[in-house]
Amino acid sequence: MSNCYEYSLKPPSTAEIVSTFGDSDLPSKLYRAPYYAVESDAPDHPREYAGLVYHLRGGDGLDTLDEWTSASAEESLDIIPNYDKASGSESNIWGWQYAASPPSVRQVRRWLTERGKRKRQTKPKDPSQIDGPTQANPYGMRPTLNPQNVPSVRQEGNMEVLAIEVFAPSITGKLPDPAADEVVVVFWSIYDSDSQNINQHFSSLCQAGIIAVNKQELNSRKIRGWSLDVVDTELELLNRVVDIVQDLDPDIIVGWDVQTSSLGYLDARAKSYDFNLAEQLSRAPGRTTNGGTDQWGAQTTTTFKIVGRHVLNLWRVIRAEQNFTTYTFEYTVFQILRKRTPHYSPHTLTSWYYSSVPEHVSRLLRYFTDRTSMVLEIIDVAQIVTKTAEFARIFGVDFFSVLSRGSQFKVESFMFRIAKPESFVLLSPSRQDVGRQNAAECMPLIMEPLSAFYNSPLLVLDFQSLYPSVMIAYNYCYSTCIGRVVDFKGQNKFGVTELHQPPGLLEKLKDHVNVAPNGMVYVKPEVRKGLLARMLTELLDTRVMVKQAMKVTKDDKALQRVLDARQLGLKFIANVTYGYTSATFSGRMPAVEIADSIVQSGRETLEKAIRVIDSTKKWGAKVVYGDTDSVFVYLIGKTKEQAFRIGQDIADTITAMNPAPVKLKFEKVYLPCVLLAKKRYVGFKFENPDDKEPVFDAKGIETVRRDGVPAQQKMVETCLKILFRTQDLSRVKEYCCDSWSRMLENRISPQDFIFAKEVKMGTYSDKVPPPPGVAVAARRMVEDSGYEPQYGERVPYVIIRGKPLERLVDRAVAPEEVLNDSHKYIDASYYISRVLIPPLERIFNLVGADVRSWYDDMPKALRADQPDAYLLSPRKVLDYVDLANRVNIDGHFLASRCLTCSEPTSYGVCMDCRTDEQPTIARLLVKVGKTESKLKNVHTVCSSCSGNPRYRTHPM
DNA sequence: CATTTATCCTAT
DNA sequence: TTAGATAGGATAAATG
């Protein structure tokens, strides 16, 4: 390790744990925490802080230790092992010290008795790496932040990742139920997440195996690259899994879904043998952190935890990282690995397992081995481990906290590293204190846009990191505020506390203060540079350095990835620091007054910029929209080239008007563009003057939202493109009418009409009908008790034709139902009237077209048998009930014609054709072939047309 | 027919 | 125990 601040992200090995804590007294929680503080005024729940122990009193049995009630911060530090008070170094705490959270009474006692006896193991210090400010390092930043000081690729920093998937046949054909269905095969694969590996072929880095319960057909089937291990019983199989985990000793265990399959299923099975899997797999034998209900884990990461190893629930990791319309394994594989993978129902898999055809068994094994290695491949391609590890280093928190904890924890951890050398102690308000804060009074500026179609260049400029810049420029911080200009309600409240400044302070400092627009007074940097300003300056500067480093190391792919992750981590902290001050609901140390100062200053900065732009004659510009930190400037009658010049001029002028580092950046030119509403606009984007082809760029509208259907996204985008390219409304109309008639004739792919929205079971009000996705999921739960959507899972559904006035919820069904039930039809008129027309109407109203009339005026022949409930009043709909019923009956007959000879029948293939087998089969095969090639064609056309892989159909 | 409530998802 | 913020648009369905 190159410097003393380097610490590993890997959990400790069993040997290390035992050598640190001894066999008999392992801490209950081995996740590495930097160090802990016990707060003084929340006796019920001492809260851990990534920082100093500054008071040790009350709470968690510690109240028996009377002598500590009056302990000063200085004294308290002594009880932390290896804390070197003289130098302020905590090097060993950052090393392999693992702390329980919070320290037990026993642990504190032991620290007490061992104090003094303990031999300190501080490493010799390199002067450039001392925490305190030096000339080279004026703010005493951790060397970790300096890209030059950190070896970008560590010799032993890589982690071993083990993927586990399991197969349990289910007799019922439903999802396997851990209470009844035994696990018969376990698949595992391990790889080394070293970022140096990117040039090697992925499969060459893996080692993999299958553990199967003895079965004749299975024993003879081999999969290349996978060792086969045969056992006699399920219990033996579980023991083999434990052996393998202990033997390979991975740092991370992963499954696509570790709650209901993979490890979660194994754990549930293990319970029936009274066998604690988590305990067996752990690195601290006999320890587990599981038990009880862990709602938080279930909703964010995983409830299954193993002491000493990280358990990743891959779908949740992906959900947090990527914006997908669904998070099925198949869809994720397609999006990330760019390949297709089939999905088989538990019923099919089970039938393969019991099949006597050897091919079936092979197929089953192949399916799962592929799945297991793809889990690792996703982790590799999406850079999950390396990215998370880099974030952990930047934030100064442990690996798992990067995934499991919120932004406050990370800001705090980072802030503390700046606060400590300054001898600042963060206060720790109680929930009540936080709740008693004043209400926020300031709001960002969001202009009402001049909604229109803009045919001349529209400039977009935004202030780069406005809030962090404001904090730096005006020195807004906890540590620089000296109160209000005028007392509020007779009090001088500041955040969660009361300010008691010495009398005469303001007089003394009156030439050295900034007064924020909300009436708070802050000292200028020459008096004291604020903690937040200091931290943000470092963050932004370091980020610039990292970005520069990226430019000069273009050839080193591994390094690029690390640097990119580092840059993103820095950006993250800078962006959420404002949020930390304004976290009024759950805040750990919020201060509304600071948040208000920032917001109001930001607002005034923007307002001033707008005034200047509007009033500067030479630009001939008009501000038509602005949101928080951005301005949209219309340059009527100017060319694209002029626009780029003026844009740069505006940016420079406004930047020069503002204190550093506030900077207005010229972002892009839209030509043409549509402003629809606040936070909703779309245009053809040019980022450079010499860009030839514009990029379709939309914000807030249906094309970028995930609560519509693919057809809606495609149609809105295509119509907009036609409008932008040709400005010919008749072409748009032609396209729309064409699409609608195809829908009415049912010449559509159901794929394009699937909604998929998040479902959060257990959070819904029972006063109103549930959202459609919830109703669909609930119905499926009745059918298959094993099925319960995970918290936040996106449940797909389509809307089918139903009786008029039937509620939408009752017409929402799972997509498979439409495919499997010939009486169910996608409700084309619902989709047209309620899903497709409204967004188009909003857009084309602005150019004077009436989209709905296009539909109303369409040749009605096609729609004669479908009264359109959405065009009628509810009363009139009732008149149509009879007709609708007839239509339904008619539809029934129409759909039920023999597939080969077209004679009416209700059996798919009529009895006559059934008896005449050979020609029927031949005809059916021809039909299947034709239909398949048709479908393939459609897919090709579809994807080539949209050009966006996101809209390509995928296996469900 | 307008307003309110519940829900979802996005912009900044 | 955990948990950045607010503003805003949109739909469905109940309510006044």
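Naming convention: chains lettered A, B, ... in sequence-line order (proteins, then strands); numbering from 1 in each chain.
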On the six-membered ring of A/Tyr855, is A/Arg852 placed so that its NZ or CZ lies under 6.0 angstrom from the centre and within 45° of the ring axis?
no
Is the terminal nitrogen or CZ of A/Arg842 (NZ for Lys, CZ for Arg) located under 6.0 angstrom from the six-membered ring centre of A/Phe844 and within 45° of that ring's axis?
no
Between [options], which nucleotide gets closest to the side-chain atoms of [X]?
X: A/Pro769; options: B/dT12, C/dA13, B/dT7; answer: C/dA13
X: A/Ser407; options: C/dG4, C/dG8, C/dA3; answer: C/dG4
X: A/Arg807; options: B/dA6, C/dT11, C/dA13; answer: C/dA13
X: A/Thr584; options: C/dT6, B/dT12, C/dG4; answer: C/dT6
X: A/Lys679; options: C/dA12, C/dG8, C/dG4; answer: C/dG8
X: A/Tyr764; options: C/dG9, B/dC8, B/dT12; answer: B/dC8
X: A/Ala583; options: B/dT12, C/dG4, B/dC9; answer: C/dG4
X: A/Arg705; options: C/dG9, B/dT12, C/dA13; answer: C/dG9
X: A/Ile446; options: C/dA7, C/dT11, C/dG4; answer: C/dA7
X: A/Thr628; options: B/dC9, C/dA14, B/dT12; answer: B/dT12

Describe, in one word, how the ring planes of A/Tyr478 and A/Tyr580 are oriented to each other, choosing from parallel (under 30°), tilted (30 to 60°) and perpendicular (over 60°).
perpendicular
Parallel, tilted or perpendicular: which one describes the rings of A/Phe696 and A/Phe684, with boundaries at 30° and 60°?
perpendicular
Does [X] have a side-chain nitrogen or oxygen under 4.0 Å from the phosphate oxygens OP1 or OP2 of [N]?
X: A/Tyr830; N: C/dT11; value: no
X: A/Arg431; N: C/dA3; value: no
X: A/Arg842; N: C/dA10; value: yes
X: A/Arg680; N: B/dT10; value: no
X: A/Tyr681; N: B/dT12; value: yes

For the pair made of [atom1] in [X] and [atom2] in [N], what is the distance, rounded to whole Å?
X: A/Leu808; N: B/dA6; atom1: CG; atom2: C1'; result: 15 Å
X: A/Glu841; N: C/dG9; atom1: CD; atom2: C1'; result: 16 Å
X: A/Glu702; N: C/dT11; atom1: CD; atom2: C1'; result: 11 Å
X: A/Asp707; N: B/dC9; atom1: CG; atom2: P; result: 6 Å
X: A/Phe572; N: C/dA5; atom1: CZ; atom2: C1'; result: 13 Å
X: A/Leu836; N: C/dT11; atom1: CG; atom2: P; result: 12 Å
X: A/Tyr467; N: C/dG4; atom1: OH; atom2: C1'; result: 13 Å
X: A/Arg405; N: C/dG4; atom1: CZ; atom2: C1'; result: 14 Å

So [X], base contact, sugar-phosphate only, or nothing? Heavy-atom distance under 4.0 Å.
X: A/Phe463; value: nothing
X: A/Val576; value: nothing
X: A/Val809; value: sugar-phosphate

Is there a Watson-Crick or G-U wobble partner for C/dG4 with both distances under 3.5 Å, and if so, which one is it?
none
A/Lys668/A/Asp697 under salt bridge (charged side-chain N to carboxylate O under 4.0 Å, His left out): CA gap, chis, key distance, verdict
CA-CA 11 Å; A/Lys668 57 199 169 190; A/Asp697 189 38; 3.2 Å; yes
Select from A/Gln408 and A/Pro838 the residue whose nearest nucleotide in DNA chain C is closer to the 5' end of that strand.
A/Gln408
Between A/Glu448 and A/Phe585, name the one whose nearest nucleotide on DNA chain C is closer to the 5' end.
A/Phe585
Test salt bridge (charged side-chain N to carboxylate O under 4.0 Å, His left out), reference A/Asp627, set A/Lys699, A/Arg603, A/Arg680, A/Lys679, output is A/Lys679
Distance col, row A/Tyr625:OH vs A/Leu676:CG, nearest 0.5 angstrom, shows 11.0 Å
